[in-house]
Number of protein chains: 2
Amino acid sequence: MKKKIIRIKDIAERAGTSKGTVDRVLHNRGRVADDVRERILEIIKELNYEPNRIAQSLKSQRTYNIAALIPDPNEDSYWEAPLKGIEKAEKELRQYGINITRYIFTPHDEHSFNAKANEATRENPDGVLIAPIFYKEALPFFKNWKSLNIPYVLFNTQIESVEPLCYIGQDSYRSGSLAAKILSFGLPEPCTLLVLHINEDIPNSAHLITKEEGFRNFFKQNGRAERYKVVSKDINFYEGGVIDGHLDAIIKKESGIAAIYVTNSKAFEVAAYLEKLGRKDIKLIGYDLLAPNLDYLNKETIHFLINQNPLGQGYWGIHQLANHLIFKQEVAPIKFLPLDIITKENLDYYLDPA
Amino acid sequence: MKKKIIRIKDIAERAGTSKGTVDRVLHNRGRVADDVRERILEIIKELNYEPNRIAQSLKSQRTYNIAALIPDPNEDSYWEAPLKGIEKAEKELRQYGINITRYIFTPHDEHSFNAKANEATRENPDGVLIAPIFYKEALPFFKNWKSLNIPYVLFNTQIESVEPLCYIGQDSYRSGSLAAKILSFGLPEPCTLLVLHINEDIPNSAHLITKEEGFRNFFKQNGRAERYKVVSKDINFYEGGVIDGHLDAIIKKESGIAAIYVTNSKAFEVAAYLEKLGRKDIKLIGYDLLAPNLDYLNKETIHFLINQNPLGQGYWGIHQLANHLIFKQEVAPIKFLPLDIITKENLDYYLDPA
DNA sequence: TGAATAAAAGTGTTCGAGCACGCAATGTGA
DNA sequence: TCACATTGCGTGCTCGAACACTTTTATTCA
């Protein structure tokens, strides 16, 4: 059986002209008489013509070079997942001419970021995917890319006041509220909840503050502010240190801590500590399906993880750029990924998403 | 910049032969000397040749007709979502020649199913997507399709002992365990949990029994069987009836019910009842993001919903058939969709998945 | 040895869109 | 009036794979 696809040629025949003319109308290349143009446009509408993307991309043999600026997964294994997602998208889109160059910089090292971002810019890519964990350092690049007309997609960390093609990631505020909701479901009695920011450069991490806001406001808006007391702490112990001392101090000072909310992927550090202490009573919720987190999730030391879907972030980031560059589609400025609640029982389905 | 794609012609040149010969090797059409064949196969491996799917599908103009056998969404709005998913997949795949005919049958009416399934078979489709809610009636069709070499994909209801191209849906057992996990997280005290099968033909609904098993075994395996008592009931009140009387009787008989697990999308019926009674203390968990369920989820009468992603089921079902028919890919026999835990706070992200 | 026949290999067209090119008709200026 | 530009429009090639068709080479038997 044959496909009933409307071709340029069909339109041309109906309009009593040639496909070249229709083509000029379709691409606004001018050099067409006004009356013919009108007629052709009408027929296009009438027949509901849609260009055959398959033929289109077969013809246009150009490649699109996308630069991906990602922190080194050897420093923080969280970044393995976005790279996997990027790879997956690359495979799917290679046939459409998408080519990705990875620029890996060291987290906690602004110079490394600057160097790599400069390198990427020098290659004059057709688009950029970036995890902007260095807020201040990234700003001038955004400006530069804008002036160079290079579309850039942010992921993981939402940054206000710039205009990327698109942001991909989660709604941090909602994320905090969700954590609060789950914890409070398991805590019928009045108690204290601890919010922990672990090994993060807070001035550069507005999204973690937003998470905390969402967390705190959940209790305020639900009129449970009196039953639940929220305390937040920053802990920093870079370079092979241990968290124990910090937590000892906090627990000593704050009595009645019934639950801990870790705002990044470092919940396993807290879990290790709780396990050492044998404190099975403290509820623990954190982020991301890293191997050490999964260990403790299976042991139920970590009760829930919220999946930020870092793989999906990389995947969709590249896809959004492709949608813009190749398929000339409108791209929504924000693509929020779902806030997946993960527990031992449903974990498997989120490990290797399709 | 040009794409560096390896073409049949490239292989031919290297092998010192013509593209026709390479083509015959690629498609095992014979009529090629053994030594040439070997040489070409080696070069193919060496150059890591992958056929350009874009050119392939441009050339092959054939259409694939897929029959979709789905219950009427006017009878049970649950089925709206799979139809939406099918529509979405249809749009994406129309250019590749996928054509979908929908055969809508009445749930609770085996004759209607038989009639539609017969109708679909008569059209001799290239593939079938089916929600096999009538176990017994569906079996002979599976047999027939197998003999006709028509691949069929099951979704929503997993059926053992048949060999579909693929099953798409959830792991019912895990689903039950997950419900148990969440409820027990919110119930520190010993109590009774009620499992409800509402308006279901149980002999035809093995997957609901499996859910119950998963639910019960969660408590057994966690050594909490003594703290948590599980009671299960079937309730049937077709045709505009009310659930209240049934639930009154159950609650009177079983004291200390602290939570209810509804195994299908009818949690809203229970929620309406609980709201009437003003019982805010009973935890309620159910399935699916139907409008009435969402109402009660936002009011927090329903505490959690597990999303069976019926839209995704339809969507992936069609895609799996396309992967098989068009792209000649191996299709995994089971595609479990994630068990998404939905609450008021993360609901939005699951309503219109990309 | 030569004709008949089978096997092996090469050629050319198609799919739909894009775009370079070329041709004809009209317009413009000296 | 001629030279040349501009406008309007049509033709034909390209992309990579598929496949029908043709041509060349090898094999068999009289």
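Keep in mind the model is a prediction, meaning the values are calculated, not measured. Here is how names work: the chains are called A, B, and so on, in the same order as the sequence lines, proteins then strands, and each is numbered from 1.
Straight-line distance from the CG atom of B:D23 to the P atom of D:dA18: 6 Å, rounded to whole Å. Atom-to-atom, NZ of B:K19 to C1' of D:dA20 comes out at 12 Å; the value is rounded to the nearest Å. With rounding to whole Å, A:I54 atom CD1 is found 16 Å from C:dG18 atom C1'. Between the NE2 atom of B:H27 and the C1' atom of D:dA17 there is a distance of 7 Å, given to the nearest Å. For B:L26 and D:dA18, the CG to P distance is 7 Å, given to the nearest whole Å. Taking atom CD of residue A:E13 and atom C1' of nucleotide D:dG10, one finds them 14 Å apart after rounding to whole Å. When rounded to the nearest whole Å, the span between OH of A:Y96 and C1' of C:dA17 equals 14 Å. At whole-Å resolution of the value, CG in B:N52 and P in D:dA18 are 10 Å apart.
Contact check, A:T17 against D:dG10: a side-chain N or O comes under 4.0 Å of OP1 or OP2. In terms of phosphate contacts, B:Y49 brings a side-chain nitrogen or oxygen within less than 4.0 Å of OP1 or OP2 of D:dA17. Contact annotation: A:R7 side-chain N/O to C:dA17 OP1/OP2 distance is not under 4.0 Å. The phosphate of D:dG10 (OP1 or OP2) has a side-chain N or O of A:S18 nearer than 4.0 angstrom. B:R31 has no side-chain polar atom (N or O) that falls below the 4.0 Å cut-off from OP1 or OP2 of C:dA9. For C:dG16, the OP1/OP2 oxygens have no side-chain nitrogen or oxygen of A:Q56 closer than 4.0 Å.
The side chain of A:V36 has D:dC9 as its nearest neighbour among D:dC9, C:dG18, D:dA17. Side-chain proximity of B:R29 to the nucleotides C:dG18, D:dA18, C:dA9 is greatest for D:dA18.
Screening A:V128, A:L69, A:N114 for a side chain to side chain contact (heavy atoms under 4.5 Å, CB included) involving A:F141 leaves a single residue, A:N114.
Take the nearest nucleotide of DNA chain C for B:A55 and for A:K59: the residue whose nucleotide is more 5' is B:A55. With the nearest nucleotide of DNA chain C identified for both A:E50 and B:T21, B:T21 has the one nearer the 5' end.
Checking A:E92 against A:Y315 by side-chain atom types alone, a donor-acceptor pair falls below 3.5 Å. There is no side-chain donor-acceptor pair under 3.5 Å between B:E330 and B:H324. Side-chain contact annotation: A:Y350 with B:D340, donor-acceptor N/O pair under 3.5 Å present.
The minimum heavy-atom distance linking B:P151 with B:L321 is given by the pair O-CD2, 3.9 Å.
The overall bend of the helix from C:dT1-D:dA30 to C:dA30-D:dT1, read as the angle between its terminal helix axes built from five base pairs each, is 60° when rounded to 10 degrees.
Ion pair A:K19/A:E13 not flagged as a salt bridge, since none of the NZ, NE, NH1 or NH2 atoms sits closer than 4.0 Å to an Asp/Glu carboxylate oxygen. Comment: A:R102 engages A:E90 in a salt bridge, judged by a side-chain N to carboxylate O separation of less than 4.0 angstrom.
The aromatic rings of A:F336 and B:Y349 lie perpendicular to each other, with more than 60° between the two planes, well past the 30° mark.
Taking only distance into account, the side chain of B:R24 meets the base of C:dG10 through a donor-acceptor pair shorter than 3.5 Å.
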